[in-house]
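From a predicted model like this one, the values you see are computed outputs, not experimental measurements.
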Amino acid sequence: MSKTSQQNATTDASGASVIHTQAHSSGLQQVPQLVPVSPGGGGKAVPPSKQGKKNSFVDRNSDEYRQRRERNNMAVKKSRLKSKQKAQDTLQRVNQLKEENERLEAKIKLLTKELSVLKDLFLEHAHNFADNVQPVGTETSTSNPENSGQ
């Protein structure tokens, strides 16, 4: 089974070149591709759905136009309100996080002070304990019976 393809280039009403590719024995359908007419590629290819809208005259006094404008205006207002609400929510969340951060920093300072006090108490107690306990292996000369007979 060989896969060969053929391309045919045509120009449509808008001046855009359309390349039709036909694949043999592959079962693929023909898919048109829009290609700019100018060789430098300066122009953009226009999809078929927008070709008619570009050159059509819009009657600004028609009911259809007014309805479209009203729907668009309502959509714009809704979008702006949504954006404004999102910004307010974000600002509120930032303020909450700042307050929580301040509370946590104050707690850190308090716990650091408490740790320092407890450390000092522990070191003082350890120092006093070391002074009262004699090291193992050292005895005083008065309590040693071997030295008293000589």
Can you tell me how far the [atom1] atom of [X] sits from the [atom2] atom of [Y], to the nearest 0.5 Å?
| X | Y | atom1 | atom2 | result |
| --- | --- | --- | --- | --- |
| Asp120 | Glu124 | CG | CD | 8.5 Å |
| Lys82 | Lys86 | NZ | NZ | 8.0 Å |
| Gln88 | Leu81 | CD | CG | 9.5 Å |
| Glu102 | Lys107 | CD | NZ | 16.0 Å |

Intermediate values then yes/no, side-chain contact (heavy atoms from CB on, under 4.5 Å), Leu104 and Glu100: CA-CA 6 Å; Leu104 291 172; Glu100 183 180 0; 4.1 Å; yes
Measuring only between side-chain heavy atoms, which start at C-beta, is [X] closer than 4.5 Å to [Y]?
| X | Y | answer |
| --- | --- | --- |
| Arg68 | Asn72 | no |
| Leu118 | Glu114 | yes |
| Gln67 | Arg71 | yes |

Over all atoms of both residues, closest heavy-atom pair of Arg66 and Arg60: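 That would be NH2-O, 3.7 Å.
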Short side-chain donor-acceptor distance under 3.5 Å, Asp89 and Gln85: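 A donor-acceptor contact under 3.5 Å links the two side chains.
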Backbone of Ile108 reached by a side-chain donor or acceptor of Thr112 within 3.5 Å: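 Answer holds: yes.
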Ser83 (side chain) donor-acceptor with Ser79 (main chain) under 3.5 angstrom: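 No, the answer is negative, given that no donor and acceptor are paired below the 3.5 Å cut-off.
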Other residues, nucleotides, ligands: >12 heavy atoms within 6.0 Å of Asn95 CG: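 Yes, CG of Asn95 has more than 12 neighbouring heavy atoms, counting only those of other groups under 6.0 Å.
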Within 6.0 angstrom of Gln96 CD, more than 12 heavy atoms from elsewhere: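 Counting other residues, nucleotides and ligands, CD of Gln96 exceeds 12 neighbours.
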